[in-house]
Structures are given as C-alpha cells and as structure tokens.
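Have a look at the structure below, then the notes.
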Amino acid sequence: MLDDPNHTEKRTDVLSARARQTFFEYVPISQRTHDDRRIYRKIPYGPLLDVFVLDMRTYRDANGSDDQTTDGQGIMGAAQASWLKRALAESCATWKVIAADMPLSLVDPDADRIEAVSPGNNGAPLGRELQIADVLSSIKKNRVRNVVWITTDVHYTAAHYYDPAKAAFQDFDPFCQFFGEIAINGESGVLTTNMRDCTGKALWSVILSP
C-alpha cells in the first residue's frame with residue numbers, strides 16, 4: 001500500500017485513527033458502560049455462555065524480536081489483562097469463550113519482527129508470552145473451568161491442544177484453541193466444535209462436555 005500512488009495518506013497513526021473511527025461507525029458496540037471507546041468486553045449469552053472479546057492491537061507494545069524477559073505492556077496492555085483475569089474469575093457461565101484477534105502459539109512474523117504472541121523459541125515464556133502465561137496461571141489459580149480460546153489472523157482452519165505436561169511453562173490447566181464453528185446444546189450444555197472448509201464440509205470435530 002505504501003508504494004500505491006492511489007493511497008496518498010501514508011502515516012500509520014492517521015490511518016489507524018481513521019480505521020478505528022470506521023470500525024465504531026459500522027460495528028454496533030454499545031459504549032454506555034465505558035467512556036474510553038474500548039473494544040474489549042464481555043458478551044453474556046445466558047447461563048451457558050460468556051464471550052470475552054479481546055483487543056490485541058490497540059494496547060500492545062511495538063512489534064520486535066519479542067524475546068524480552070520482562071514485558072508490562074504485552075499484547076493486551078496491563079488494564080485489559082487485569083480485566084480479563086477478573087472477569088473470567090467472576091463469570092458464572094458454563095462456558096467461557098475467549099475471542100482473541102491474534103494467535104497464541106503460532107509464530108506470526110512481521111518481516112523480521114513478531115506480529116502476534118509467540119517468538120518461536122522453546123523454553124520459558126518470553127516477550128508477549130509472559131502476559132499470556134500470567135492469564136493462564138490466573139485461570140488455573142481461580143479454578144475457572146470450561147475455557148475455550150478462539151483466535152484469528154490466519155486464513156486456515158486449525159485446532160490446537162495445550163498440555164502443561166508437554167510445555168516448558170506448566171502453570172496452567174490443559175485447554176483447547178479452536179478455529180471453526182462452535183455450537184452449545186441448550187439442554188445438555190455440551191459444546192461441539194467443527195472445523196470446516198470453504199464448502200462447509202466438516203474436516204474435524206470435537207465434542208466437549210462441561
């Protein structure tokens with residue numbers, strides 16, 4: 001886009017502000033409870049489901065090597081991370097679905113920098129991984145059950161299972177990260193996830209009982 005003569009505005013801060021304004025004009029997000037026009041929020045769907053919508057772009061630190069040993073800002077910013085831990089612990093819904101707009105473990109490069117969370121290094125958490133590790137530890141500490149992560153930013157269907165027994169960082173409960181179609185049975189509370197291709201064909205499915 002920077003080399004396209006049809007795009008006369010090149011300043012990323014200006015483009016970012018315009019994109020944010022457009023987002024709020026076209027996406028019906030209520031601002032009645034917040035005066036900071038924040039995007040992250042909890043959407044309750046009755047006793048079976050709370051959806052926690054994250055904003056992993058507005059408050060993040062700058063893309064870099066993502067291998068620092070301390071990172072107070074992280075991918076969500078300190079305030080949003082604190083909100084997420086608190087809101088998950090307070091949720092009484094059977095299922096807590098976290099809608100994250102960046103991958104967790106997939107290495108997502110931005111030229112020679114890291115765009116998402118994982119820097120691709122084996123071993124203890126580094127960089128933005130530190131904040132995600134803190135959230136996962138909080139979920140385990142507060143015994144928050146039935147947590148499912150849905151992530152975006154990649155253009156294919158995948159499902160990942162996270163097991164602390166196979167990780168360098170182990171202070172978390174096992175959980176699944178899904179990309180696909182999710183349905184909750186209103187009577188049994190069972191959550192079914194289908195990975196589908198562009199024709200709608202189910203490529204892989206998993207059924208989770210609460």
For the residue pair [X] and [Y], establish whether any side-chain heavy-atom pair is separated by less than 4.5 Å.
X    : Y    : answer
V190 : L208 : no
Q131 : V117 : no
I43  : V53  : yes
D50  : W95  : no
W149 : L104 : yes
D55  : R38  : no

Mind checking the [atom1]-[atom2] spacing from [X] to [Y]? Nearest 0.5 Å is all I need.
X    : Y    : atom1 : atom2 : result
I184 : L191 : CD1   : CG    : 5.0 Å
L130 : D71  : CG    : CG    : 6.5 Å
I75  : D66  : CD1   : CG    : 7.5 Å
I139 : L88  : CD1   : CG    : 5.0 Å
L48  : N185 : CG    : CG    : 8.5 Å
T193 : E181 : OG1   : CD    : 9.0 Å

For [Y], is there any backbone N or O sitting under 3.5 Å from a side-chain donor or acceptor partner on [X]?
X    : Y    : value
S16  : T12  : no
S137 : D171 : yes
N142 : V144 : no
R41  : I39  : yes
T22  : R18  : yes
Q73  : Y59  : yes
Q80  : L54  : no

Is [Y] reachable from [X] through a run of hydrophobic residues whose side-chain heavy atoms are each under 4.5 Å from the next?
X    : Y    : answer
V148 : V206 : yes
I114 : V154 : no
V135 : I98  : yes
L49  : I182 : yes

Indicate the atoms forming the closest heavy-atom contact of [X] with [Y], along with that distance.
X    : Y    : result
A165 : Q170 : O-NE2, 4.0 Å
D153 : D101 : CB-O, 3.8 Å
F52  : K96  : CE1-CB, 3.7 Å
M56  : M102 : SD-N, 3.6 Å
S65  : D67  : OG-OD1, 2.6 Å
N194 : A202 : OD1-CB, 4.2 Å

Partners passing ring pair (Phe, Tyr, Trp, His ring centres under 6.0 Å) against Y162 (at least two apart in sequence or in another chain)
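Counting only residues at least two positions away or on another chain, Y162 forms a ring pair (Phe, Tyr, Trp, His ring centres under 6.0 Å) with F175.
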
W83: partners by ring pair (Phe, Tyr, Trp, His ring centres under 6.0 Å), with sequence neighbours left out:
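Applying ring pair (Phe, Tyr, Trp, His ring centres under 6.0 Å) to W83 gives Y40.
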
Using the salt bridge (charged side-chain N to carboxylate O under 4.0 Å, His left out) rule, pick out the option among R143, R145, K140 that qualifies with D173.
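Single salt bridge (charged side-chain N to carboxylate O under 4.0 Å, His left out) partner of D173 among R143, R145, K140: R145.
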
Do M76 and L84 pass the side chain to side chain contact (heavy atoms under 4.5 Å, CB included) test, and can you show the C-alpha distance, the side-chain angles, and the key distance before you say yes or no?
CA-CA 10 Å; M76 293 184 281; L84 178 60; 4.1 Å; yes

Side chain to side chain contact (heavy atoms under 4.5 Å, CB included) between H160 and T151, worked out
CA-CA 11 Å; H160 307 280; T151 69; over 6 Å; no

Which pairs pass salt bridge (Lys or Arg N to Asp or Glu O under 4.0 Å) with one or both residues in residues 110-134, sequence neighbours excluded?
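Sorted result for residues 110-134: R57-E115, R60-E115, D61-R128, K85-D134, D110-R113.
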
